[in-house]
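Below is one structure; the comments refer to it alone.
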Protein chains: 2
Amino acid sequence: MTENRKPPTASEIVIPEPTLRRIPMYYQYLKRKQQDERLDASSSTTMAADLSLNPIQIRKDLEWIGATGKPRTGYDIEILLAHMEDFLGYNNAHDAFIVGAGHLGQALLGYEGFEDYGLNIVAAFDSDPAKADMLVAGKKVLPMEKLEDMVKRLHILIGILAVPSYEAQTVCDRMVAAGIKAVWNFTPYHLTVPDGVIVQHENMATSLAVLANKLEVALRKAREQGNHHDHK
Amino acid sequence: MTENRKPPTASEIVIPEPTLRRIPMYYQYLKRKQQDERLDASSSTTMAADLSLNPIQIRKDLEWIGATGKPRTGYDIEILLAHMEDFLGYNNAHDAFIVGAGHLGQALLGYEGFEDYGLNIVAAFDSDPAKADMLVAGKKVLPMEKLEDMVKRLHILIGILAVPSYEAQTVCDRMVAAGIKAVWNFTPYHLTVPDGVIVQHENMATSLAVLANKLEVALRKAREQGNHHDHK
DNA sequence: TAGATTGTTAATCGATTAACAATC
DNA sequence: TAGATTGTTAATCGATTAACAATC
């Protein structure tokens, strides 16, 4: 194909990550609005107020997923949700394997709602023989030895890493060698992968650092105000 | 030394969030370098290569936590780690409660490494009487009724929400009423809290959306290239 | 019509990256 | 000294916010 003028190719236009990260929030919010309050339209103004965001930002975000609204009434929630599901891959879910069936792995296995976002966890793997053939949330825990074979047979593209940090790189290498193209990493270990393989880091410490810092700043401010108070 | 001229008040200078989010990654990386490779210095150049970041960005980040390096040799890892621990609150940890002792709650209770980042999980609470007085990772699971009393008695400031999404707001309200100032929310529910209370959202769907999107873009690109290939 | 809301174009803000002098 | 690396100042880039005309 490769048509001429239109500066970036289709495959080069990529949604900004901040926008992408907000879509699931909108989705969750709107679904609730629809189910609990039986609303069928919502304006960027009300959404912004409820979610503590800027209405202009919301309109820009919604533009990215191809949604349009009506002046005076806002956006049709039904249509908006459909757009989002489409965008997030609800209608084109990817299969995934989890490696590591500890508490975290089991929590992920049981997490409902991944399907909404296009992820279908098929099974888990664990090196502990005691866990082999266990069922968690209706999904099988298989022995590690079967990993490569199963990845190939089912053409799995996504691997979820919920193993101890010191095993992360080894397991990741095995996944990649077997054909996995995207790794969702729940360990704090910074993985090295070949070109073309995607790694998404889910680092709890990162979030915690943000939370602790905000709290610290707030406490500092409170203390200062306290002082000023004393002071006068 | 606290010299004069510096326009904004101490409490107004706040580290940029992107920088803050990278600190734990540096920390984890450097600790490994120190322990596994017995290195005692590292340059922004090598760190950048290993972590796929820009060296200038790393230098700027390190400046924020007050670290300095030496031309030619780089940064002293020992000192760097100390700075980071100090910055992340390792020496000034906050106590926290978890509410919800399901798989996720138990995974969090057992997560080692929170201490490194200034968080000390004291106990968990669960409404399921079967779980009452259970021990997880050496920490007690207490019945929900005791929540308010314990928060007040121990002056807990941080609450971790690992309950089902439909209970999130109710439990959050109870936490806040009892005096909790920061809520780490692991449910997908968007919480409403009074002014002055901090909420940190740990939304798995958000990360997943990013991962799925990157994979989709990569597959699209691969497909396109495949076509071009065919084509010529 | 009047008024709220969309959607677009322009301005602002902040983070990343570049350029380069200072330094060990 | 020569050369790699720091740290600072300036340029760039991208996201957020503002302004406002179009629209139902």
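Proteins come first, then strands; the chains are lettered A, B, ... in the order of their sequence lines, and each starts at number 1.
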Without decimals, in angstroms, what is the distance between [X] [atom1] and [N] [atom2]?
X: A/Ile15; N: D/dT16; atom1: CD1; atom2: P; result: 11 Å
X: A/Trp64; N: C/dG7; atom1: CH2; atom2: P; result: 16 Å
X: B/Asp76; N: D/dT5; atom1: CG; atom2: C1'; result: 15 Å
X: B/Ile65; N: D/dT6; atom1: CD1; atom2: P; result: 14 Å
X: B/Leu80; N: D/dT6; atom1: CG; atom2: P; result: 11 Å
X: A/Arg21; N: D/dA15; atom1: CZ; atom2: C1'; result: 15 Å
X: B/Ile58; N: D/dT5; atom1: CD1; atom2: C1'; result: 13 Å
X: A/Asp61; N: D/dG14; atom1: CG; atom2: C1'; result: 14 Å

Worksheet item: Contact class for A/Thr19 (heavy atom, under 4.0 Å): base, sugar-phosphate, or nothing?
Response: nothing
Item to complete: For residues B/Val199 and A/Lys214, report the shortest heavy-atom separation together with the two atoms involved.
Response: O-NZ, 4.3 Å
Item to complete: Would you please indicate if the ring centroids of A/Phe114 and A/Trp184 are separated by under 6.0 Å?
Response: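 Ring centroids of A/Phe114 and A/Trp184 are less than 6.0 Å from each other.
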Would you be so kind as to tabulate the donor-acceptor pairs closer than 3.5 Å made by side chains of residues 155-171 of chain B, with sequence neighbours excluded?
residue, atom, partner, partner atom, Å
B/Gln169, OE1, B/Thr192, N, 2.9
B/Gln169, NE2, B/Asp173, OD1, 2.8
B/Gln169, NE2, B/Thr192, O, 2.9

Worksheet item: Do B/Tyr117 and B/Glu85 meet the criterion of a side-chain donor-acceptor pair at a distance under 3.5 Å?
Response: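 There is no such pair between these side chains.
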Worksheet, complete the sentence: With B for base contact, S for sugar-phosphate-only contact and - for none (protein heavy atoms under 4.0 Å), nucleotides 17-24 of chain D reads BB----BB
Practice prompt. Side-chain contact test, heavy atoms from C-beta onward, threshold under 4.5 Å: evaluate it for B/Cys172 versus B/Tyr189 and give yes or no.
Written response: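 They are not in contact (no side-chain heavy atoms under 4.5 Å apart), so the answer is no.
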Item to complete: Any strand is fair game: report the nucleotide pairing with C/dC24 by Watson-Crick or G-U wobble, both distances under 3.5 Å, or none.
Response: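 In the structure as shown, C/dC24 has D/dG3 as its Watson-Crick or wobble partner.
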Worksheet item: Counting only Watson-Crick or G-U wobble pairs whose two distances fall under 3.5 Å, which nucleotide matches D/dA11?
Response: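 Looking at the geometry, D/dA11 pairs with C/dT16.
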Worksheet entry | Closest to side chain of A/Thr45, choosing from C/dT8, C/dT5, D/dT16 |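 Of all the options, the side chain of A/Thr45 is nearest to C/dT5.
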Worksheet item: Run the side-chain hydrogen bond (donor to acceptor under 3.5 Å, both in side chains) check on B/Arg21 and A/Thr206 step by step: do they pass?
Response: CA-CA 5 Å; B/Arg21 289 182 168 274; A/Thr206 283; 5.5 Å; no
Worksheet item: With distance as the sole test, does B/His83 use its side chain to make a donor-acceptor pair with the main-chain N or O of B/Ile65 at under 3.5 Å?
Response: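 Yes.
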Worksheet item: Using a cut-off of less than 4.0 Å, is there contact between a side-chain N or O of B/Arg22 and OP1 or OP2 of C/dA15?
Response: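 Indeed not, no polar side-chain atom of B/Arg22 lies that close.
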Worksheet item: Using a cut-off of less than 4.0 Å, is there contact between a side-chain N or O of B/Ser44 and OP1 or OP2 of D/dT6?
Response: yes
